[in-house]
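Quick note: residue numbers are just sequence positions, from 1. Computed from heavy atoms alone, side chains included, the values below leave out hydrogens, waters and symmetry copies.
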Amino acid sequence: DYPTALRYFHDALDRISDDPEEDELRGRVLSQTGRMLSNCGLHRQSLPYLKDCLELSISRNDTVNTTYDYQLLGSIALPNTCQMPTWHSWKGFSL
């Protein structure tokens with residue numbers, strides 16, 4: 001069930017250290033959390049997780065996950081364009 005899974009994901013994010021060696025795991029948890037929130041119809045709430053995931057993938061020069069992250073953001077943003085904040089309004093984030 002989604003609420004239980006979200007609790008586990010949030011707990012995992014709290015437990016993952018800031019060590020760069022944990023970045024891959026952190027990115028996976030962020031991505032799954034964002035996808036789950038989106039699947040629940042909580043598109044706006046999913047965006048911060050997906051933004052952090054994308055920024056992490058870009059900083060790691062991870063082209064495979066960067067592509068996946070853009071696809072996931074696009075699948076949320078395009079069908080919900082009238083409800084989404086403008087991308088350029090996110091401080092420090094540009095496409």
Side-chain angles (χ1 to χ4, degrees):
D1 86 286
Y2 286 128
T4 301
L6 284 171
R7 279 194 301 276
Y8 287 137
F9 283 138
H10 285 140
D11 185 46
L13 286 171
D14 290 340
R15 292 173 186 254
I16 297 171
S17 73
D18 291 335
D19 186 344
E21 289 189 18
E22 300 284 347
D23 283 352
E24 183 177 352
L25 177 60
R26 185 178 306 102
R28 289 177 190 220
V29 175
L30 288 167
S31 177
Q32 290 298 315
T33 303
R35 180 177 291 280
M36 187 167 299
L37 287 166
S38 177
N39 288 343
C40 292
L42 302 171
H43 304 295
R44 283 186 184 269
Q45 291 86 340
S46 73
L47 292 175
Y49 294 97
L50 299 175
K51 175 184 170 279
D52 290 347
C53 180
L54 177 61
E55 288 174 343
L56 191 58
S57 295
I58 290 170
S59 73
R60 295 178 62 235
N61 294 318
D62 183 344
T63 56
V64 172
N65 280 323
T66 298
T67 303
Y68 175 74
D69 299 338
Y70 275 125
Q71 182 275 328
L72 185 54
L73 273 170
S75 71
I76 292 168
L78 291 178
N80 301 291
T81 303
C82 62
Q83 299 174 5
M84 295 293 110
T86 58
W87 299 118
H88 59 82
S89 68
W90 289 352
K91 185 178 179 182
F93 183 77
S94 62
L95 295 177

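Remark: the backbone N or O of R28 is not paired with any side-chain donor or acceptor of S31 at under 3.5 angstrom. Side chain of N65 to backbone of Y68: no donor-acceptor contact under 3.5 angstrom is found.
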### Task
Could you please spell out the steps behind the side chain to side chain contact (heavy atoms under 4.5 Å, CB included) verdict for D52 and L56?
CA-CA 6 Å; D52 290 347; L56 191 58; over 6 Å; no
### Query
Step by step, would you call D62 with V64 a side chain to side chain contact (heavy atoms under 4.5 Å, CB included)?
CA-CA 6 Å; D62 183 344; V64 172; 3.9 Å; yes
### Query
Is there a side-chain hydrogen bond (donor to acceptor under 3.5 Å, both in side chains) between S57 and D69 once you walk through the steps?
CA-CA 8 Å; S57 295; D69 299 338; 2.6 Å; yes
#### Entry: Audit row: V29, R26, side chain to side chain contact (heavy atoms under 4.5 Å, CB included) steps and yes/no
CA-CA 5 Å; V29 175; R26 185 178 306 102; 6.0 Å; no
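Y8 and Y49 fall into different hydrophobic clusters, where Ile, Leu, Val, Met, Phe, Trp and Tyr side chains are chained together by heavy-atom contacts under 4.5 Å. One hydrophobic cluster, built from ILVMFWY side chains closer than 4.5 Å, holds both L25 and L13. Under the 4.5 Å side-chain contact rule for hydrophobic residues, L30 and M36 share a cluster. Using a 4.5 Å cut-off between side-chain heavy atoms of Ile, Leu, Val, Met, Phe, Trp and Tyr, with links allowed through other members, F9 and Y2 fall into the same hydrophobic cluster.
A distance of 7.5 Å separates OG in S46 from CG in L72, rounded to the nearest 0.5 Å. To the nearest 0.5 Å, atoms CG (L6) and CD (Q32) are separated by 11.0 Å. Of the inter-residue distances, the one linking L37 atom CG with L47 atom CG reads 9.5 Å to the nearest 0.5 angstrom. Here the straight-line distance linking atom OH of Y70 with atom CG of L54 works out to 5.0 Å at 0.5 Å rounding.
Pairing each heavy atom of I76 with each of S38, the nearest pair is CG1-OG, 3.2 Å.
Enclosure of atom CD in Q71 by more than 12 non-hydrogen atoms of other residues, nucleotides or ligands within 6.0 angstrom is indicated.
Residues R15 and D11 are paired through a salt bridge, judged by an N-O separation under 4.0 Å between the basic side chain and the carboxylate.
Taking the side chain to side chain donor-acceptor pair (under 3.5 Å) definition, one finds that D1 meets it with T4, sequence neighbours left out.
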